[in-house]
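Report on the following structure.
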Amino acid sequence: MVSTSYQASITVKNNAIGIIDSGLGGLSIWSSIQKLLPNESTMYLADHAWAPYGDKSDGVITERVKTLIRYLIDRSCKLIVIACNTATVAGIDQYRLWFPHIPIVGVVPVIKMAAATSKTRTFAVLSTVHTANSDYQKRLIDTFANGCTVYSVGCPHLVELVESGKTKDPVVEKIVSNIFKNRDPKIDTIVLGCTHFPFLHEAIRAIVGEGTAVLDSGGAVARQVGRVLQSRGEVESNGGTFLFYTTGNPKKVSRVAGNLMDRVIEFSNANL
Ligand code: DGL
């Protein structure tokens, strides 16, 4: 008996962290997790066949994400990260009800951090249109940014540009300048509320200038994953392997991912 339970706990520790996004944006979260928890194995699942999520309804997104979570659970993942703000606000509570036996960590815009650090108490949250219009984001603002002026800006097209690897394309500059054209001069902080947007950090920084803080969710999510694993005694210490799956075209996806991350990343097909 003793040796069986010992074996079981070793097995769970060795299992991968499952990470889900509609596409490559979640790699910005993967990268933070990998830096903070370098001994963990990860299994990344990009849903290119259904991307983008930003123009879909809550119901469509949650049903689809249910299938993706099941895929990763079937491959013995010990924790699931929904590395997508849109999929998180669409149904994080529902995912936890569907899969109560596995910890699920979501990603939401770091509104609490922006409210705590903005000196002018005025900031903008850039996200997909879906996230910007969501009740979830409205609740986050009401709860954590009471008394602040918060601009929720839904940004169409940017996700698609990242997915086609065009992070330095002049069209990105044009779209980002347009977003900040009539900017409230009191804005001193920009929250990146879509996991694709850290790949546009340079373009955004070039437009908003050095004096504006640009915050993303990567560090906060990685720390939360670490805390959850710690509390369950499931932190791995033996070094990890990284697997990447896409429901789209692995060759094309690997090429863009390699350019975005500046390292070789080989995606395989997930037939879903
Ligand atoms: N990366 C996703 C997010 O954080 C959105 C991408 C999409 O629209 O599919 O919201």
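Atoms within a ligand are numbered from 1 in the order they appear, just like the ligands themselves. Atom set for the values below is all heavy atoms of this structure, side chains included, hydrogens, waters and symmetry mates excluded.
Take D47 and apply the salt bridge (charged side-chain N to carboxylate O under 4.0 Å, His left out) test, not counting sequence neighbours, and it matches R64. Judged as a salt bridge (charged side-chain N to carboxylate O under 4.0 Å, His left out), and not counting sequence neighbours, R223 has no contacts. The side chain to side chain donor-acceptor pair (under 3.5 Å) check on E163 picks up H48, H196, with sequence neighbours excluded.
Scanning all heavy atoms of the two residues, the minimum distance from V221 to G106 falls at CG2-O, 4.2 Å.
Electrostatic pairing of K56 and E63 does not count as a salt bridge here, judged by no charged N lying under 4.0 Å from a carboxylate O.
Ring geometry for F244 versus Y44: interplanar angle of 30 to 60°, hence tilted.
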So what's ligand 1 close to, N/O to N/O, under 3.5 Å?
residue, atom, partner, partner atom, Å
ligand 1, 1 (N), D21, OD1, 3.2
ligand 1, 1 (N), T195, OG1, 2.9
ligand 1, 1 (N), H196, ND1, 2.8
ligand 1, 4 (O), N85, N, 2.9
ligand 1, 4 (O), N85, ND2, 3.0
ligand 1, 4 (O), T195, N, 2.8
ligand 1, 4 (O), T195, OG1, 3.3
ligand 1, 8 (O), Y53, N, 3.3
ligand 1, 8 (O), G54, N, 2.8
ligand 1, 9 (O), S22, OG, 2.6
ligand 1, 9 (O), Y53, N, 2.6
ligand 1, 10 (O), N85, N, 3.4
ligand 1, 10 (O), T86, N, 3.0
ligand 1, 10 (O), T86, OG1, 2.6

